[in-house]
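Worksheet: one structure, shown below.
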Number of protein chains: 2
Amino acid sequence: MSGTVRTPLRRDPIELARSNWIGNGWSDAADGMALVTSIMRLQQVFLGRVEGVLRPHGVTFARYEVLRLLAFSRSGSMPVGKIGQRLQVHPASVTNAVQRLEDAGLVRREANPDDGRSVLAALTPKGRRTVERCTDELNAQIFSLLPISLAEQRRAFRALRGIRQAVGDFA
Amino acid sequence: MSGTVRTPLRRDPIELARSNWIGNGWSDAADGMALVTSIMRLQQVFLGRVEGVLRPHGVTFARYEVLRLLAFSRSGSMPVGKIGQRLQVHPASVTNAVQRLEDAGLVRREANPDDGRSVLAALTPKGRRTVERCTDELNAQIFSLLPISLAEQRRAFRALRGIRQAVGDFA
DNA sequence: GCCGTTCACTTTGACGTCAAAGCAACTTGG
DNA sequence: CCAAGTTGCTTTGACGTCAAAGTGAACGGC
């Protein structure tokens, strides 16, 4: 969709919605609506950019996150269920991602010797090379180039972390 | 998935990732990574909550946004292309949403008398009743109850708006 | 007045996400 | 020690999103 918006809109559509909210007597919800909507929109923007960087490497953001997590782990492998907990995604999504990563030769499935129900996902050498390259590009092209100051990034992060904590994302 | 996370994680997984970033010498990208990841995660959380509120009304968030936009318009109708621009979503997504809203009797498609290529989506009375009920519930159950102060909501909104503007979301 | 281009929308296909159901392995109470 | 319940993962189905291709209407230059 990024490529579809020919002309940037004159006025911020979220400010417009906020005005409409206030005009309808919903002032007490206007700021929350604006914040939630902003988050929705930015997720869409960032996801598009991130996938643009990752596409040449043949991975999506969901799969990159799995690779990244495995690369940080001591052994380079982890039970599928634990991946889901750490990334906070549905088990079915992890199954899907690991399946495709395995098809691409970036990950190998192994039996868990400690638990016959569990499946380990293990990084292959190719997977490790891929994740390092992807990380370098994401850092260089996106994460280190956000168009607001570091101080503002940290402030925004802290505010959002407050929400995440309050909704029970972590203790 | 909300219902799938049994136990909140001990430590914030994003803080963990941030530590790993710094430990790997990617300090200049760590804050950006943390902010982007937070946005991704919160989108998931809020989308889940919003859809939970809307589900009993038989609409999804994507469809609700279309209804809400139409309800704010003078005539209660709008070309589908303009809907896509205002909501900043791909034309195919609008086609999809309008199709399902029409199937549910919440919207009617009409020819645009001014342009034979264009299709108008027009709110039906049932659509208008639905969107008002949905808005009331979203306001009461989500937007007016965010677990950070109004001041923090506004600060976070402004920081995120700065990003949205910088990436060309609006002029 | 025509032809080529642009524009508005739709269709198709790939992908990720969640919910719910299914299955096999592990655990627990009696 | 076995039946009942729980846990870890997979499968299936519905939905939204984007990219790319397709269709038909409108426009613009000659």
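Proteins get letters first, then strands, A, B, ... in listed order; numbering begins at 1 in each. Here the structure is a predicted model, which is why all the values come from computation and not from measurement. Heavy atoms only: backbone and side chains are in, while hydrogens, waters and symmetry mates are out.
For B:Met40 and D:dT17, the CE to C1' distance is 14 Å, given to the nearest whole Å. Per the geometry, NE2 belonging to A:His90 stands 17 Å off C1' belonging to D:dG16, to the nearest Å. In this structure, the CZ atom of A:Arg55 is 11 Å from the P atom of C:dC15, given to the nearest Å. Atom CZ in A:Arg109 sits about 12 Å away from atom C1' in D:dG8, given to the nearest Å. Straight-line distance from the CG atom of B:Leu47 to the P atom of D:dC15: 15 Å, rounded to whole Å. We find that CG of A:Asn96 is positioned 16 Å from P of C:dA19, with the value rounded to whole Å. D:dG16 atom P lies 15 Å from atom CD of A:Gln43, rounded to whole Å. In this structure, the CD atom of A:Gln44 is 20 Å from the P atom of C:dC15, given to the nearest Å.
Listed candidates were D:dT10, C:dC9, C:dC18. Nearest to the side chain of B:Val119 is C:dC9.
Residue B:Thr95 places none of its side-chain N or O atoms closer than 4.0 Å to OP1 or OP2 of C:dT11. A close approach under 4.0 Å does not occur between any side-chain nitrogen or oxygen of B:Gln99 and OP1 or OP2 of C:dC9. In terms of phosphate contacts, B:Arg117 brings no side-chain nitrogen or oxygen within less than 4.0 Å of OP1 or OP2 of D:dC27. The side chain of A:Thr60 contributes an N or O atom lying less than 4.0 Å from OP1 or OP2 of C:dG16.
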Item checked: From CA spacing to verdict: side chain to side chain contact (heavy atoms under 4.5 Å, CB included), B:Leu35, A:Phe143 -> CA-CA 9 Å; B:Leu35 179 54; A:Phe143 298 147; over 6 Å; no
Next item on the list: Verify side chain to side chain contact (heavy atoms under 4.5 Å, CB included) between A:Leu146 and B:Val36, making sure each step is shown before the conclusion.
Entry: CA-CA 9 Å; A:Leu146 294 196; B:Val36 170; 4.1 Å; yes
Check: How far apart are the C-alpha atoms of B:Gln99 and B:Asp103, what are their side-chain angles, what is the distance that settles it, and do they pass the side chain to side chain contact (heavy atoms under 4.5 Å, CB included) test?
Finding: CA-CA 6 Å; B:Gln99 177 61 56; B:Asp103 293 345; 2.9 Å; yes
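When heavy atoms are screened at a 4.0 angstrom cut-off, A:Asp115 is found touching the sugar-phosphate backbone but no base atom. Among the atoms of the strands shown, base atoms are found under 4.0 Å from some heavy atom of A:Ala92. Note on B:Ser118: only backbone sugar-phosphate atoms sit closer than 4.0 angstrom, heavy atoms only; bases stay farther off.
A:Asn20 places none of its side-chain heavy atoms less than 4.5 Å from the side chain of B:Arg68.
When each of A:Glu65 and B:Leu120 is assigned the nucleotide of DNA chain C bearing its nearest heavy atom, the one mapping closer to the 5' terminus is B:Leu120. Place B:Arg63 and A:Val94 on DNA chain D by their nearest nucleotides, and A:Val94 ends up nearer the 5' end.
The side-chain contact (heavy atoms from CB on, under 4.5 Å) test with B:Asp169 singles out one residue from A:Val45, A:Asp12, A:Ile14, and that residue is A:Val45.
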